[in-house]
Amino acid sequence: HGSWIHTAAFSTVSEGKLFAPGNMRAAQDNPGYAKLLEHYYAEKYQLRYTGGMVPDVNQILVKGKGVFCNPASPSAQAKLRVLYEVLPIGYVIEKAGGRSSNGNGSVLEMVISSTEDRSQVCYGSPNEVARFEEMVGTKFAEKASV
């Protein structure tokens, strides 16, 4: 009673077929995201979807594999706030051996101009984040201030 039991060990975020999509409406008018989702389905990735970034990213850390992406599009703009959501989780993921990206590089390199800046984001294993950058990129990802 009153003691902790160590039940699991974590090493690093590595490659694996687990995907957690966010802002799926963006696939309607972001062709890169639509193709990325098609890739996940065709390659039989395991779907992890809770509708929340934190539980989905936590699953990547617990499993040690996978990718979470929340892109933007003209009709479904970025919702995650850079200062409070995008950067802190990016820091944790990168310290765990994964990568983060706004479609053009690490979110940790983003310049913040307002507490309400918002951005698309991808977190996960290095190869999956590189795939996001290649397929989705930044065409619809201009940083928005509200």
Side-chain angles (χ1 to χ4, degrees), residues 1-27 30 32-73 76-138 140-146:
H1 163 247
S3 63
W4 291 91
I5 299 171
H6 185 224
T7 60
F10 173 80
S11 58
T12 188
V13 175
S14 55
E15 304 305 321
K17 291 186 171 187
L18 173 72
F19 81 105
N23 199 13
M24 291 184 71
R25 286 185 299 249
N30 182 331
Y33 190 38
K35 287 180 184 175
L36 183 60
L37 291 175
E38 288 173 18
H39 167 78
Y40 295 148
Y41 298 136
E43 295 297 318
K44 308 236 185 293
Y45 278 53
Q46 178 184 352
L47 171 64
R48 163 69 185 198
Y49 178 77
T50 63
M53 177 185 65
V54 172
D56 288 346
V57 171
N58 180 65
Q59 185 74 3
I60 292 169
L61 293 171
V62 168
K63 297 285 187 182
K65 64 180 183 178
V67 61
F68 167 85
C69 48
N70 191 315
S73 78
Q77 296 181 356
K79 295 179 184 141
L80 298 174
R81 294 170 298 165
V82 173
L83 184 60
Y84 306 113
E85 296 159 317
V86 173
L87 293 178
I89 298 296
Y91 179 80
V92 170
I93 286 289
E94 290 193 17
K95 288 298 179 185
R99 283 192 60 212
S100 70
S101 178
N102 64 353
N104 190 38
S106 171
V107 299
L108 301 181
E109 296 174 8
M110 294 176 71
V111 176
I112 301 168
S113 59
S114 163
T115 59
E116 293 302 315
D117 286 352
R118 296 167 193 270
S119 176
Q120 71 174 6
V121 69
C122 181
Y123 304 118
S125 62
N127 289 339
E128 292 299 341
V129 174
R131 186 185 330 275
F132 174 86
E133 289 176 337
E134 178 185 322
M135 296 179 82
V136 177
T138 59
F140 303 110
E142 290 76 31
K143 189 171 63 169
S145 292
V146 176

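This one's a predicted model, so the numbers in the text were calculated from it and none came from an experiment.
Side-chain atoms of Val13 and Tyr123, non-hydrogen and from C-beta on, never get closer than 4.5 Å to each other. The shortest distance between side-chain heavy atoms of Lys17 and Tyr40 does not fall below 4.5 Å. Between Ser101 and Gln120 the shortest side-chain heavy-atom distance does not fall below 4.5 Å. At a threshold of 4.5 Å between non-hydrogen side-chain atoms, the residues Arg99 and Phe132 do not count as touching. Phe19 has its side chain out of reach of His39: every pair of non-hydrogen atoms, C-beta onward, lies at least 4.5 Å apart. Within the 4.5 Å cutoff, the side chain of Ser100 has heavy atoms near those of the Ser106 side chain. A heavy-atom distance below 4.5 Å is found between the side chains of Leu37 and Pro21. You'll find the side chain of Val107 reaches within 4.5 Å of the side chain of Val121, heavy atoms only.
For Glu133 (side chain) and Gly105 (main-chain N/O), a donor-acceptor pair under 3.5 Å exists by modelled atom type. Judged purely by atom type and a 3.5 angstrom limit, Arg25 has no side-chain atom pairing as donor or acceptor with the backbone of Ser73. For the pair Asp117 (side chain) and Leu83 (backbone), a donor-acceptor distance under 3.5 Å is absent.
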Verdict with reasoning, Val57 to Val92, per side-chain contact (heavy atoms from CB on, under 4.5 Å): CA-CA 10 Å; Val57 171; Val92 170; over 6 Å; no

Stepwise side-chain contact (heavy atoms from CB on, under 4.5 Å) test for Met110 and Asn102: CA-CA 8 Å; Met110 294 176 71; Asn102 64 353; 3.7 Å; yes

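Heavy-atom minimum distance, Tyr45 versus Gly16: CE2-O, 4.2 Å. Between Gly98 and Pro126, the shortest heavy-atom contact is CA-CD, 4.5 Å. Counting all heavy atoms, side chain and backbone alike, Cys122 lies closest to Val67 at SG-CG2, 3.5 Å. Between Pro71 and Asn30, the shortest heavy-atom contact is CB-ND2, 4.4 Å. Of all heavy-atom pairs between Ala78 and Ser119, the closest is CB-C, 3.3 Å. Scanning all heavy atoms of the two residues, the minimum distance from Met24 to Tyr41 falls at CE-OH, 3.5 Å.
Separating the CZ atom in Arg118 from the CG atom in Leu80 is a distance of 8.5 Å, to the nearest 0.5 Å. With values rounded to the nearest 0.5 angstrom, Cys69 atom SG is found 10.5 Å from Met135 atom CE. The line from CD of Glu134 to CG of Asn127 is 11.0 Å long, rounded to the nearest 0.5 Å. Note that NZ of Lys65 is 6.5 Å distant from CG of Leu18, once rounded to the nearest 0.5 Å. For the atom pair NZ (Lys79) and CG (Asn23), the distance works out to 5.0 Å, reported to the nearest 0.5 Å. If you take OG on Ser14 and NZ on Lys63, they are separated by 12.5 Å, rounding to the nearest 0.5 Å.
Here the options are Val54, Val129, Asp56, the test is side chain to side chain contact (heavy atoms under 4.5 Å, CB included), and the partner is Phe68; only Asp56 passes.
Ion pairing between a basic and an acidic side chain is recognised when a charged N comes within 4.0 Å of a carboxylate O; Glu38 and Lys35 show no such pairing.
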